[in-house]
S.K.: 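Here's a structure for you.
For ligands, and for the atoms within them, numbers begin at 1 and follow the listed sequence.
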Amino acid sequence: MFPESDLLPISALQHLLFCERQCALIHIEGLWAENRYTVEGRHLHEKAHDPSRDVRRDIRIARGLAIRSFRLGLSGIADVVEFHPDTSLSDSGDRRARDGPATHIAPSGLRPFPVEYKRGRPKSHDADRVQLCAQALCLEEMLNVAVTDGALFYGRTRRRKAVKIDEALRSLTDDTARRLHALIASGVTPRTARAPKCNKCSMLNLCLPDGTGPGRSASRYLQRSLAASASGPASEDDDQ
Ligand code: SF4
């Protein structure tokens, strides 16, 4: 169990799965930069937190809900948590008593269903699902009730993608949380080779993967950059 002071942001799981170096730059070195993708993502989250947006009969909706797990050492804000009526739930049945007494903020007989808002489309990697699962695990610990399902809402498709909070995803999320705490405790920002994903990364100009990746020389990179700027605009090949 982690003390409150050691809780890390749930969003850092996604940074870690996208790129360890990006995660370290943000959460060890305290750097941040915006690009089109981060701004679009922020606007989508702000809309999700707007309480005037939708009300659905039989479903209670909490927006911008503060959540945490002392077991995983994580805290954050859930975009939307719906509380669905579930007659299979009772005060004692189907409850997961994981970490001591629960804080019962959920009305009895309602099953939490987290919905995380994401820009773009469903991705081939697991980062979005892990972030959603971490929210589900936080809700389980806080409410002492099983969270079996959730959804990812993608801004580009304007659709929800259902996510099962199954054992494989729980295990991947536990592992990722452990890796995140190990990385932050190390205090070391790893070097990472430039990859196609760097072109979409908001941290590109702070990271400088062309000069700082494994086997790269920062001084040679600076010399090349100075020579290139002295001889005019860079061509596509200068990135290779
Ligand atoms: S620019 Fe590339 S290597 Fe650097 S943080 Fe972003 S994804 Fe990682």
Side-chain angles (χ1 to χ4, degrees), residues 6-46 72-77 79 116-135 152 154-156 161 169 172-229 233-240:
D6 287 354
L7 300 186
L8 297 172
I10 291 174
S11 58
L13 298 174
Q14 190 171 29
H15 299 147
L16 182 72
L17 289 171
F18 178 71
C19 171
E20 271 198 18
R21 182 169 170 80
Q22 188 204 60
C23 184
L25 289 170
I26 296 170
H27 300 284
I28 294 176
E29 301 193 24
L31 301 176
W32 178 248
E34 296 270 27
N35 67 5
R36 179 166 67 87
Y37 304 112
T38 59
V39 170
E40 282 177 10
R42 185 154 43 76
H43 286 163
L44 197 61
H45 286 293
E46 283 165 9
L72 294 174
L74 298 172
S75 66
I77 303 289
D79 284 336
E116 173 69 7
Y117 282 60
K118 294 288 175 197
R119 60 160 298 284
R121 303 171 178 281
K123 328 257 184 343
S124 55
H125 57 69
D126 281 321
D128 293 347
R129 293 170 69 243
V130 164
Q131 193 174 354
L132 182 72
C133 181
Q135 294 179 5
L152 293 162
Y154 284 97
R156 182 68 66 86
K161 188 172 165 49
L169 184 56
L172 176 62
T173 305
D174 278 12
D175 264 12
T176 310
R178 271 193 293 275
R179 278 179 52 211
L180 174 65
H181 275 276
L183 175 69
I184 303 302
S186 77
V188 175
T189 300
R191 291 176 165 217
T192 307
R194 180 160 185 141
K197 65 185 174 186
C198 298
N199 297 329
K200 288 190 166 183
C201 175
S202 69
M203 304 296 286
L204 180 60
N205 290 332
L206 297 170
C207 167
L208 303 176
D210 292 320
T212 57
R216 295 301 187 115
S217 156
S219 62
R220 277 205 303 278
Y221 167 73
L222 281 173
Q223 281 168 10
R224 277 204 311 277
S225 299
L226 289 171
S229 57
S235 73
E236 291 287 311
D237 290 337
D238 289 332
D239 266 350
Q240 304 303 309

S.K.: Quick one: does any side-chain atom of R21 pair with a main-chain N or O of C207 as donor and acceptor, under 3.5 Å?
M.R.: yes

S.K.: How many angstroms lie between atom OG of S11 and atom CD1 of I77, to the nearest 0.5 angstrom?
M.R.: 10.5 Å

S.K.: In sequence, state the C-alpha distance, the side-chain angles, and the governing distance for L7 and L74, and then conclude on side-chain contact (heavy atoms from CB on, under 4.5 Å).
M.R.: CA-CA 5 Å; L7 300 186; L74 298 172; over 6 Å; no

S.K.: Listing residue and atom name, which protein N/O/S atoms are closer to atom 4 (Fe) of ligand 1 than 2.8 Å?
M.R.: C207 SG

S.K.: Looking at Q131, is its backbone amide N or carbonyl O close enough to the side chain of D128 to form a donor-acceptor pair, meaning the two atoms are under 3.5 Å apart?
M.R.: no

S.K.: About how many Å separate CG of L13 and OG1 of T176, when rounded to the nearest 0.5 Å?
M.R.: 6.5 Å

S.K.: Would you mind running through ligand 1 and noting each atom that sits below 4.0 Å from a heavy atom of F18?
M.R.: 7 (S)

S.K.: Without placing hydrogens or testing angles, list every side-chain donor-acceptor pair under 3.5 Å for residues 22-32, not counting sequence neighbours.
M.R.:
| from | atom 1 | to | atom 2 | distance (Å) |
| --- | --- | --- | --- | --- |
| H27 | NE2 | H15 | ND1 | 2.8 |
| E29 | OE2 | T189 | OG1 | 2.5 |

